[in-house]
Amino acid sequence: MHTKQLEKYVGQEVTLKGWVANKRESKTVVFINLRDGRGLCQCIIGAEEIGEELFATAKSLGQESSIAVTGKVVADERQIGGYELHVTGLHVYQNARDYPISNKEHGIEFLADNRHLWLRSRRQWAIMRVRNSISYAIHNFFQNEGFVQMDAPIFTGNAAEGTTDLFETDYYGKPAYLTQSGQLYGEAMAMAMGKIYTFGPTFRAEKSKTRRHLSEFWMIEPEMAFCDIFENMDTIESFLRAVVLEVVQNCKEELEVLGRDVNKLTTVAKPFPRLSYDEAVEILKGKKEVNGQNSLAVIQADLDKAIERQKTCEAEIAERETIIAAGGIKKGVINFNQNKIDSLKNEIKQLEEDQRNMPQWLASARDFTYGNDFGGSDETVLTRLFDNPIMVYDWPHEIKAFYMKRNPDDPRFARGVDVLAPEGYGEIVGGGERETSEEWLVEKINEHQLPIDVFQWYLDLRRYGSVPHSGFGLGLERLVAWICKLDHVRETIPFPRYYGRLEP
RNA sequence: GCCUUCAUAGCUCAGCUGGUUAGAGCGGUUGACUGUUAAUCAAUAGGUCCCUGGUUCGAGUCCAGGUGAGGGCGCCA
């Protein structure tokens, strides 16, 4: 029996088991918001119905106490979930004391230290359910399309793209690295199965302190035989579309808890814009408009808006401070105003940070050097003009990995594709068509100064039945962050690992 | 690695240009109140102002160094 089944038991007596999410009490009645992992249900405990002794127990319950309550289900539109329980019986598993996370705001460091408890909070509950739903939708899509799921090794001996950003471990006396991609193994498996996908952890020892990096994250890497860059982009597009729409369909309540505007997500039903690197650079530098909009002008307008907004916030703070200073008002009114002032001050801090960052983004976009990779801020500027994920393909071959196939019509370019999510979420997918020629690959491996020996097995794939093939890597946490519209990827995974964070 | 912002009660923060006993809200405790949605009201406890050194008659406040954290860049998904 759980809170989502209550509608079938209106008027009947049921028992719910869960935790005390919140409690309010008066002389003869105690209200408990019971949390059971599925949802919430307010339980009303009246002194007369339950008896003096149990009522005293109910009154003494601390936040997150574990209990079982028995009572009659009553429909009540005002309640979360639409039902409440009129309690006649109470069993206490544990009466918890001093639960550290209150219903007030907390700082990020405190919450991260208490991640094991933070997961019980309503927003985190919603995020974890969306994450679960995304995983399920991903498997659904690939399984329906005939892909075979494979598990790539986590220990690797070859430091494929340089050792600096890999975690080194000891493997029976030899150095081994935690994988930063299963792609090369995926290619081998695709030659055996036709179409495969990996779904597993990935490790990067990058000392990044940004809202879109983790040291340990989950990546989904499909690989398809007999597939070129354009078929690859078709797959990426229908894949993302299917996953997002399925999640929007299945997580209505969760997305509502998160305050997510789902109209910003359902746009994925429309085709994704596809831009060549050259076109993207033109747009980024403000030399080419999109739907009559100039990228630099739009960011400049955002910056102006931030300045305006700060002035509005400051004026409102001054106004509320005057109200408090005037005196002669109730304590509740003072609290209300002080809370407003606090949150306005927080907003100003964010706005000030925006005002420090955005001029840098503008300068970076304006002065962008053709031939470079896009930086995080360039992605933000570029995607600001679109309401759907965009696909940027045909990159200068120098900045792409050694295994990327060169464009046969224009060898300056490699057939890579990056998918950039809207709303500033940046790169969620990176992929491309793979080089099929052993000769070209060897040349590239040497060019990148990589040890040729460890790639002999990889070159075998080009020696025995080499075929055009493509694939991509999807960052699960970045997808979760975008779908949930979160500030930071560290909220997208139960126990995030990022620079400086190993506990809990 | 670089740039930038910050560190005050269990939590979230205020503390103006240095000046007596360091403040608020939440949370805790005690009490009031039949229905609250972060309830409300009253009372009450709770502090090595991150660390080290310096300037000064006097430092939470200024300076230097350190430690920790937030954000941005690089790197990437």
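Below, all heavy atoms of this structure are taken into account, side chains as well, without hydrogens, waters or symmetry copies. The sequence lines fix the lettering, A, B, ..., with proteins before strands; numbering per chain opens at 1.
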Check A:Arg115 against A:Arg490 and note the closest heavy-atom contact, atom names and distance.
NH2-O, 4.0 Å
Mind running side chain to side chain contact (heavy atoms under 4.5 Å, CB included) on A:Arg120 and A:Trp125 for me, showing each step along the way?
CA-CA 6 Å; A:Arg120 304 180 186 194; A:Trp125 169 88; over 6 Å; no
From the list [options], which nucleotide is the closest neighbour of the side chain of [X]?
X	options	result
A:Arg490	B:rG70, B:rU36, B:rG72	B:rG70
A:Lys207	B:rG74, B:rG35, B:rG1	B:rG1
A:Asp373	B:rC76, B:rG68, B:rA77	B:rC76
A:Gln42	B:rG28, B:rG35, B:rA69	B:rG35
A:Thr210	B:rG70, B:rG35, B:rG74	B:rG74
A:Glu427	B:rA77, B:rG70, B:rC73	B:rA77
A:Phe110	B:rC11, B:rG35, B:rA77	B:rC11
A:Glu109	B:rG68, B:rC73, B:rG70	B:rG68
A:Tyr498	B:rC76, B:rG35, B:rG70	B:rG70
A:Arg211	B:rU36, B:rG71, B:rG74	B:rG71

Rounding to the closest angstrom, what is the interatomic distance between [N] and [M] at atom [atom1]?
N	M	atom1	value
B:rC75	B:rA69	P	24 Å
B:rG47	B:rC11	P	13 Å
B:rG74	B:rC16	C1'	39 Å
B:rU40	B:rU21	P	35 Å
B:rG46	B:rA24	C1'	14 Å
B:rU61	B:rC50	C1'	15 Å

Given that both distances must come in under 3.5 Å, which nucleotide forms a Watson-Crick or G-U wobble pair with B:rU67?
B:rA7
With sugar-phosphate meaning primed atoms plus P, OP1 and OP2, does A:Leu214 contact a base, only sugar-phosphate, or nothing at under 4.0 Å between heavy atoms?
base
Does [X] place a side-chain N or O at less than 4.0 Å from the phosphate oxygens OP1/OP2 of [N]?
X	N	answer
A:His488	B:rG71	yes
A:Lys209	B:rG72	no
A:Asn372	B:rG74	no

Ring stacking, A:Phe217 with base of B:rA77, under 5.5 Å and under 30°?
yes
Taking the nucleotide of RNA chain B with the closest heavy atom to each, which residue, A:Asp418 or A:Arg501, is nearer the 5' end?
A:Arg501
Residue mapping more 5' on RNA chain B - nearest nucleotide basis, A:Ile44 or A:Gly375
A:Ile44
What I want to check is whether the side chains of A:Ser65 and A:Gln94 have a donor and an acceptor closer together than 3.5 Å.
no
Quick one about A:His86 and A:Glu49 (side-chain donor to acceptor, distance below 3.5 Å, no hydrogens or angles considered), yes or no?
no
